[in-house]
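In this chain, numbering begins with 1 at the start of the sequence shown. First listed ligand is number 1; within each ligand, the first listed atom is number 1.
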Amino acid sequence: MAETQALLRADKSKNKAFDKMLHQSSSNSQVALCAKSTETQALLPADQVKNMAFDKILHKSSSTSQGGLSAMINKDNEAHKAAVAEYFQHWDDKKAEDETEEVRQSRVADYASLTRQYYNLATDLYEYGWGEAFHFCRFAYGERFGQAVARHEHFLASTIGIKPGMRVLDVGCGVGGPAREIVKFTGAHVTGLNINNYQISRAKQYAVKEKLTHKLDFVQGDFMNLPFPDNSFDAVYVIEATVHAPNLESAYREIFRVLKPGGVFGVYEWFMTDAYNNDDLTHRQIRLDIEEGDGIAQMLKVEDGLAAIQGAGFTLETHYDLAEDYANETSVAPWYWPLGTDLRYAQTLADVFTVLRMNRFGREISHAFISILELLRIAPSGTRKTAQSLGKAADALVEGGKKKLFTPMYLMVGRKPEDY
Ligand SMILES: CC(C)=CCC[C@@H](C)[C@H]1CC[C@H]2C3=C(CC[C@]12C)[C@@]1(C)CC[C@H](O)C[C@@H]1CC3
């Protein structure tokens, strides 16, 4: 029964990258083998099996690599090329001035493969440049980069009241950096969910390495169709992930469904602010560059998010923009500073070196190096294009942050009514 339902729910859309590869790649027989390897896979929807096989071939053994750079060069070239083509078809030659609703809707319709392929391409660069927690944060006086990142996670965990013994869901868990930190900080059990197979396999490995497997599970799945029964979790959190949703209210409604009555949901959401004007071409270009370089089909405004969380059934308990904290509270640097050019915000000497892998200067050097690796065929085809697109997004994030058009940390806390 459950199997039939899973098959009925299967996304019928074709995985173009996989099909292209099947015809081009030297690893065809490997693809076929992977696609029908285990009994478990026979129970999964066909497209999910295909995606798993594709991702396995693309990443080869790089999911066990130590760091981003060595993982980056250990890829199947044909599969990487196919992933780049599938991802960038949505943005190549698309300019802000001639953006139409139709173009945006075609991205939205393809959100699942768009998000999956984005993280197939960007994960190693993220790990190399930023670390294992894929989100922004606020910075306090004298606080190291890593400390600030962890504090952002602690803040959400304590705001939604995560306690030892609770069962918690992390939606869009990346490679599990925040989930590991929240387990250590609270003693709760955390299940991480992610659409990208590669991120899930890395998250599982880090959990083993840090001896946390008794407190952590990682499950591959789409947050638009959560693979959990109703009323499963005491708390759910999202850190900068549901911006990939094709429909935010439906994503939040799934979270509402899996939460127990009285359970709490906390999210740091990416939004364009009230200051954003879509008729202003400069504003629109900033939004488009962020969307392209961050794998986002369509970014919404704060007002849409507030309507979505309440429309999903939550009682909204708290909402405000943590980015505003820089102006009036305890932060000494804006959230976007590590991507910019101003090294004076560094709180420790170590941060100067950390930030050199992320900021404008460091990016220019590392992206030139990556281009050489691709020319020498050490890095797979399309690595340079991906790095350039991430760089463009970084500039747009800084610009959007400076102009207060965009925030990556709009906090919303909602509760599922006790009597639901
Ligand atoms: C995409 C979403 C919803 C969240 C991720 C937020 C951030 C962790 C990333 C947004 C832009 C990313 C860039 C990098 C790391 C991760 C982000 C800050 C790099 C610094 C990684 C190293 C590359 O050489 C340059 C990247 C620029 C963008």
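Among Lys392, His367, Met358, the residue whose heavy atom lies nearest to atom 23 (C) of ligand 1 is His367. Around atom 1 (C) of ligand 1, the closest heavy atom drawn from Tyr118, Phe369, Tyr126 belongs to Tyr126.
Taking only nitrogen or oxygen atoms, main chain and side chain alike, Asp294 does not reach within less than 3.5 Å of ligand 1.
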query = Yes or no on side chain to side chain contact (heavy atoms under 4.5 Å, CB included) for Lys385 and Asp92, after CA distance, side-chain angles and deciding distance?
reply = CA-CA 11 Å; Lys385 184 168 181 165; Asp92 281 343; 2.9 Å; yes

task = Using the side chain to side chain donor-acceptor pair (under 3.5 Å) rule, take Tyr119 and His244 through it: C-alpha gap first, then chi angles, then the decisive distance, then the call.
result = CA-CA 11 Å; Tyr119 285 109; His244 297 294; 2.7 Å; yes

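Contacts between Leu397 and ligand 1 below 4.0 angstrom, taking non-hydrogen atoms only, involve the side chain exclusively. Heavy atoms of Tyr119 found under 4.0 angstrom from ligand 1 belong exclusively to the side chain. Counting heavy atoms closer than 4.0 Å to ligand 1, residue Glu240 contributes atoms from both its backbone and its side chain.
Residues Phe265 and Tyr252 place their aromatic rings such that the two centres sit under 6.0 Å apart. For Tyr420 and Phe256, the gap between ring centers is short of 6.0 Å. Less than 6.0 angstrom separates the ring centroid of Phe228 from the ring centroid of Phe233.
Under 4.0 Å is where a charged nitrogen must lie from a carboxylate oxygen, and between Glu292 and Lys392 at least one such pair does.
Distances from ligand 1 to the non-hydrogen atoms of Asn359 include no value under 4.0 Å. Contact between Tyr336 and ligand 1 is absent, with no heavy atom of the residue lying under 4.0 Å from the ligand.
Ser371 and Arg384 are linked by a side-chain donor-acceptor pair at a separation below 3.5 angstrom, with hydrogens and angles left out of the test.
In this structure, atom 20 (C) of ligand 1 has a protein heavy-atom contact shorter than 4.0 Å.
Heavy-atom proximity to Arg363, at under 4.0 Å, picks out these atoms of ligand 1: 25 (C), 27 (C).
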